[in-house]
There are 2 protein chains.
Amino acid sequence: MKFFGSSVSKTTLKTASLPQAKTLDPTGYDEEGAALQMGELSELLGYVLKRAQLKIFDDFLRCMAPLQLTPAQFSVLLLLDRNPGRNQTEIATTLGIQRPNFVAMLDGLESRDLLTRMRSPSDRRSHVLMLTDKGRATIARAKKLVATRHEARLIELLGPDEHKALLGMMTKIATEF
Amino acid sequence: MKFFGSSVSKTTLKTASLPQAKTLDPTGYDEEGAALQMGELSELLGYVLKRAQLKIFDDFLRCMAPLQLTPAQFSVLLLLDRNPGRNQTEIATTLGIQRPNFVAMLDGLESRDLLTRMRSPSDRRSHVLMLTDKGRATIARAKKLVATRHEARLIELLGPDEHKALLGMMTKIATEF
DNA sequence: TATTGTTATACTCTATAACTATA
DNA sequence: TATAGTTATAGAGTATAACAATA
């Protein structure tokens, strides 16, 4: 499902420049004829929200290119750093990831030596997840990249107060809507 | 790519209740043990933005269930209503949809008799897109559903001023970031 | 040559059912 | 029985290459 497209593929993850919706020139007319009327679309929160989200993810990817981490991978490492010793179900559920889909994701991170799976001694069904030293170093670097390159640009664009307000509204929608 | 999952499939489109990230109870502890620390994640705009977007799309789908329109389909019909007589490339490009992916989408809408493709007399390569009467009636009903059920709830949650400010910030990110 | 619509294709994300090994 | 991790699979969304018809 989508309002429209554009995202960055994981394979092309190096740093891709994304195709995006046509932006009108100042005259409101494009090369060949009259510009299209966006109508109610520009007042529809879901529409602009989706577009903004794609932009932000794309920028996140660019900023994180040196570490080759997707937003999802970043969120997993961050959660593991803060919550060592949790099992797959706990981490996946917290992030809204289906357990089956989490398996391949962990395979990838584990094969890059960023985390380890250990059978729990107390419950041998579950895997205790722990960042490796490399994983801890990576998430530390990643957080710096996000803060200095990504979030800093966002705050610069919006202003610190608006940025803060925006965070609050998004959280409200995410939790109360 | 994702921060985490949860969305509504088009097949299940009737009205689905979505699996979502665990919400903590007021104590900050869940059933089995300590709640997970979200850490920097709750301050990361991309993260909360994505979560909010999923919530909003899910609600959009529920509100639009009587008409069985996805956000993407809604945006196409809306654009066609405002801009009759455009060709596929123009509509697709404006919405950020790849032309190849637009074909199946139009097939679906055309088979539901919501729009028509006509070969342009002036340029026989291109298809002129027009809403049918049913298409116009449908988008009219859809706009009412969105306004009264979907956007109204959002405005109620945020307050009209905040909602307006949010729209502005999202547009800014979508166009200037 | 270039463009429009199209087909074919591939990769990602998401969801569900069902298996296994444990409990 | 129920749960954790897993496999298999299917449906969407998205991206690119290449073709036929037309310009």
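Below, read A as the first sequence line, B as the second, and so on, with proteins coming before strands; counting in each chain starts at 1.
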| Centres of the A:Tyr47 and B:Phe74 rings: under 6.0 Å? | no
| query | Among residues 108-120 of chain A, which contact DNA chain C at a heavy-atom distance under 4.0 Å? | reply | none
| said: Nearest to the side chain of A:Val103, heavy atoms from C-beta on, is which of D:dA15, D:dT6, C:dT6? | reply: D:dT6
| remark: Of the candidates C:dT16, D:dA4, C:dT7, the side chain of A:Thr89 sits closest to D:dA4
| said: Could you work out, with salt bridge (charged side-chain N to carboxylate O under 4.0 Å, His left out) as the rule, every residue matching A:Arg153, not counting sequence neighbours? | reply: A:Asp59
| query | Which residues satisfy the salt bridge (charged side-chain N to carboxylate O under 4.0 Å, His left out) test with B:Glu110, sequence neighbours excluded? | reply | B:Arg117
| Closest approach of B:Phe102 to B:Leu129 (non-hydrogen atoms, all atoms of both residues) | CE2-CD1, 4.2 Å
| field | Minimum-distance pair of heavy atoms, taken over all atoms of B:Ala174 and A:Ala52 | value | CB-N, 4.0 Å
| task | Taking only heavy atoms on the protein side, list every residue of residues 121-131 of chain B lying under 4.0 Å from any atom of DNA chain D, sorted numerically. | result | B:Asp123, B:Arg124, B:Arg125
| So, is B:Gln98 near the phosphate of D:dA15, with a side-chain N or O under 4.0 Å from OP1 or OP2? | yes
| field | Listed once per pair and sorted, the side-chain hydrogen bond (donor to acceptor under 3.5 Å, both in side chains) pairs that draw on residues 137-146 of chain A, sequence neighbours left out | value | A:Lys143-B:Glu40
| query | Which pairs pass salt bridge (Lys or Arg N to Asp or Glu O under 4.0 Å) with one or both residues in residues 118-137 of chain B, sequence neighbours excluded? | reply | B:Asp123-B:Arg125, B:Asp133-B:Arg136
| task | Could you go through the side-chain contact (heavy atoms from CB on, under 4.5 Å) check for A:Thr94 and B:Met38 one step at a time? | result | CA-CA 9 Å; A:Thr94 301; B:Met38 295 302 284; 3.7 Å; yes
